Amino acid sequence: MASTPSSTLSPLYESNIFCNFNSPQKFTFPLKLHSKSCIRTTQVSLQEQSQVSNPNNSQYSDRKAVSSSKSKLWVNPKSPRASELKRKSYDFRYASLMKVAESLDSCKPVEEDVFNVLADLGDKIVEQDAVVTLNNMTNAETALLAMKYFQQRLKLSKEVIVYNVTLKVLRKNKDLDRAEKVFDEMLERGVKPDNVTFSTIISCARQCNLPEKAIEWFEKLPSFGCEPDDVTYSVMIDAYGKAGNVDMALSLYDRARTEKWRIDAVTFATLIRIYGAAGNFDGCLNVYEEMKALSVKPNMTVYNSLLDAMGRARRPWQAKNIYGEMLSNGFQPSWGTYASLIRAYGRARYSEDALKIYKEMKEKGLELSVVLYNTLLAMCADVGLTDEAVNIFEEMKSSASETCQPDSWTYSSLITIFSCSGKVSEAEFTLNEMMEAGFEPNIFVLTSLIQCYGKAGRTDDVVRTFDRLSDLGLSADERFTGCLLNVLTQTAKEDLHKLTICLERANPKLGYVVKFLVDDEVEEKGAFKKHATELLDCATTDVQKAYCNCLIDICVNLNQLERACELLDVGLTLNIYTDIMSRTATQWSLHLKSLSLGAALTALHIWVNDLNKALESGEEFPSLLGINTGHGKHKYSEKGLAGVFESHLKELNAPFHEAPDKAGWFLTTKVAATSWLESRRAQEVVAA
DNA sequence: ATAGGGTTAG
């Protein structure tokens, strides 16, 4: 018997994912250091060699060595002690250059002041001082003056580097205009730009949201005698991606590949981001696989881009796998990792996973942002986690950071949670708190409040909240109107007229249809159905089903079963409801998931009628008949459709019984169904 | 840390 390739390959593939990215030496090497002293000696002398051979590193160390010898302290230049001294003296110089950079950032942008600050560095400045100082600056104006200072005082052997770090400062300021001027100045002074110059300007253009400019700069690169290298390609791939030119980005990737550039992890991360932004999530995973096939080790950027993409894709399980892979490869999650995970889990309502990440961030002392807090709160609202939401909200408020304080999104989620769980006074309290914090109620908040008051049977407050919308200069959207309509399904008959007035104002067509029902108007044949069709046909798919469900519920409440059936029929015709009834050779089924209670009862009524017709016409029943209510216990209501249906079926004496092994299914046999339908018919005859 | 890519999102 031949074994299939996949069955032999997959275990290998698995072990590959989880074990192989880091070379095993990385783990065993430190052990060797401890166990064998001779290896330790070798290691240190290698380190020293590299430091000595690096002229940049030895610059300050030499000076320190001189001062050491002045104090009559001889240190063997090859000893560990010497390399430690070198490092310390370098650190010291570096720290003072950082301080100068900081003073320059807050210095007045006039030559005199800037030069004064720089005078603190003394006369013995070297070229690297200029590079380090400028590299750590953020203020564009003083950086340009500082560069001028260094150009005057130093004989620069690699002036292009000084220009390149200055261009970085301009990039930090997203100042492409100035960067272009500095480039011209370079040319005037006879300094030849290199790939670093171009990649910096190109990424500057990209960050300024001017991807066309980036492309322009890329295209003029050859005329300066430069051939793009791997980094320049990487920046350009990103720029093309940002410009929405995915094809160009990918063809550049191909070119980089055929020209045998070493494509590194950062470029792969860029490609993953491009695919992710384009919504091609399988493309992201393919890039990742290709990267691994080329033996490029993923880094944090790759993992974070992938996690972000899987979050967008709403594939939390894939995010979870990738995260596990990342951890088993020895990476520590960064802030960005956690953020992507919270988003991926939160949007997909993986509440336990999301809250676990949140806890871990807190334990590590990582600060969340408002966006992350709001993501968590929106998730809590989705799944009905009231207590957790309150805790998170309290923590936001007690946070020392300005950037974590609640905003209107925060309050809105919280008000939604209280509204859905029927906590009227908490919702009102939070609304007041929101206004005290300086936020006007927005349409989301008002939508929640309408639901809140509706659920509590406070019709006058619903009307008051409705009026508030226009007082605030807002107009009803489909969601808001949908919630208002939903309130009607829960309102006592004598109060309905107050709400139909609101509905007529929010959506005249909808108001007309509802008024028809509430007033139980006598109609010309087909008039109601015609108006309902027109209404539902223009509604967007987002709310079509909600509208239709609510309208049917209202009919059922008002005991207008015929119109309920008409509405269900409209819903089926317009494909608002699909696959409600299905027939296979062995089973006929009624699928009620995503139907409201009223709609489900109406559908049952129609289905039973159909069964009767089948019976009358002598059609053969299948061995099983089933009703699927879905097991979904609704998050904010104790009893799901299944529970209500169970008692309803009992009332009807229907022989359907909940299947023990299939949650949400009520099943019966051909024999039981037939005898039930026949006894019903007999009763009807008697009644007539 | 010591000249170029990436990063915080709804």
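This structure is a prediction, so every number in the text was calculated from the model and none was measured. Lettering of chains follows the sequences in order, A, B, ..., and the numbering in each one begins at 1.
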Inset, instruction - May I have the distance from F183(A) (atom CZ) to dG4(B) (atom C1'), rounded to whole angstrom? - result: 15 Å
Could you go through residues 139-156 of chain A and list every donor-acceptor pair under 3.5 Å that involves a side-chain atom there, pairing it with any protein atom two or more places apart or in another chain?
residue: N139(A); atom: OD1; partner: E141(A); partner atom: N; Å: 3.0
residue: N139(A); atom: OD1; partner: T142(A); partner atom: N; Å: 3.2
residue: N139(A); atom: OD1; partner: T142(A); partner atom: OG1; Å: 3.4
residue: N139(A); atom: ND2; partner: D105(A); partner atom: O; Å: 2.9
residue: E141(A); atom: OE2; partner: R178(A); partner atom: NH2; Å: 3.3
residue: T142(A); atom: OG1; partner: L104(A); partner atom: O; Å: 3.0
residue: T142(A); atom: OG1; partner: N139(A); partner atom: O; Å: 3.4
residue: K148(A); atom: NZ; partner: E111(A); partner atom: OE1; Å: 2.7
residue: Y149(A); atom: OH; partner: R153(A); partner atom: NH1; Å: 3.4
residue: Q151(A); atom: NE2; partner: E159(A); partner atom: OE2; Å: 3.0
residue: Q151(A); atom: NE2; partner: Y163(A); partner atom: OH; Å: 3.0

Legend entry - Those residues that, when tested against N136(A), pass side chain to side chain contact (heavy atoms under 4.5 Å, CB included) (two or more places apart): Y94(A), M98(A), A101(A), V132(A)
Could you run down the sub-3.5 Å N/O contacts of the protein with nucleotides 6-10 of chain B?
residue: dG6(B); atom: OP1; partner: R206(A); partner atom: NH1; Å: 3.0
residue: dG6(B); atom: OP1; partner: D238(A); partner atom: OD2; Å: 2.9
residue: dG6(B); atom: O3'; partner: R273(A); partner atom: NH1; Å: 3.2
residue: dG6(B); atom: N2; partner: T301(A); partner atom: OG1; Å: 2.6
residue: dG6(B); atom: N3; partner: T301(A); partner atom: OG1; Å: 3.4
residue: dA9(B); atom: N6; partner: S369(A); partner atom: OG; Å: 3.3
residue: dG10(B); atom: N2; partner: N374(A); partner atom: ND2; Å: 2.6

Legend entry - Rounded interatomic separation in angstrom, taking CG from L97(A) and C1' from dA1(B): 11 Å
Inset, instruction - Determine the Euclidean distance between corresponding P atoms of dG5(B) and dA1(B); express it in Å to zero decimal places. - result: 14 Å
Legend entry - Y163(A) OH to dG4(B) P, straight-line distance once rounded to whole Å: 18 Å
Inset, instruction - Using only side-chain N and O atoms of K168(A), determine if any of them is under 4.0 Å from OP1 or OP2 of dG4(B). - result: yes
Inset, instruction - Have a look at V231(A) and say if it touches a base, only the backbone sugar-phosphate, or nothing, with a 4.0 Å heavy-atom cut-off. - result: base
Inset, instruction - Please report the C-alpha distance between Y411(A) and F393(A) in whole Å, then the side-chain angles of each, then the deciding distance to 0.1 Å, and finally whether the ring-ring contact (aromatic ring centres under 6.0 Å, His included) criterion is met. - result: CA-CA 9 Å; Y411(A) 288 108; F393(A) 179 62; 5.7 Å; yes
Inset, instruction - Measure from CG on L156(A) to C1' on dA3(B) and round the result to the nearest Å. - result: 13 Å
Legend entry - Base of dG4(B) paired with side chain of T197(A) (donor-acceptor, under 3.5 Å): no
Inset, instruction - List in chain and number order the residues that pass side-chain hydrogen bond (donor to acceptor under 3.5 Å, both in side chains) with T301(A), two or more places apart in sequence or in another chain; answer none if no residue qualifies. - result: N299(A)
Inset, instruction - Rounded to whole angstrom, note down the P distance from dG6(B) over to dT2(B). - result: 16 Å
Inset, instruction - Mind checking side chain to side chain contact (heavy atoms under 4.5 Å, CB included) for T197(A) and listing every partner two or more places apart, or none if nothing turns up? - result: V160(A), N164(A), L167(A), F183(A), M186(A), P193(A), D194(A), I201(A)
Inset, instruction - Give the rounded distance in Å between these two atoms: CE of M137(A) and P of dA3(B). - result: 17 Å
Let me check something: any side-chain donor-acceptor pairs from residues 205-218 of chain A under 3.5 Å, sequence neighbours excluded? List them with distances.
residue: R206(A); atom: NH1; partner: D238(A); partner atom: OD2; Å: 2.1
residue: K213(A); atom: NZ; partner: E180(A); partner atom: OE2; Å: 3.3
residue: W217(A); atom: NE1; partner: E180(A); partner atom: OE2; Å: 3.0

Inset, instruction - Go through the steps to decide whether F281(A) and Y275(A) satisfy the test ring-ring contact (aromatic ring centres under 6.0 Å, His included), and finish with yes or no. - result: CA-CA 6 Å; F281(A) 304 115; Y275(A) 276 118; over 10 Å; no
Legend entry - Between dG4(B) (P) and L170(A) (CG): distance, integer Å: 14 Å
Legend entry - Closest listed nucleotide, where the reference is the side chain of N164(A) and the choices are dA1(B), dG4(B), dA3(B): dA3(B)
Legend entry - Check: S234(A) side chain, dG4(B) base, donor-acceptor under 3.5 Å: no
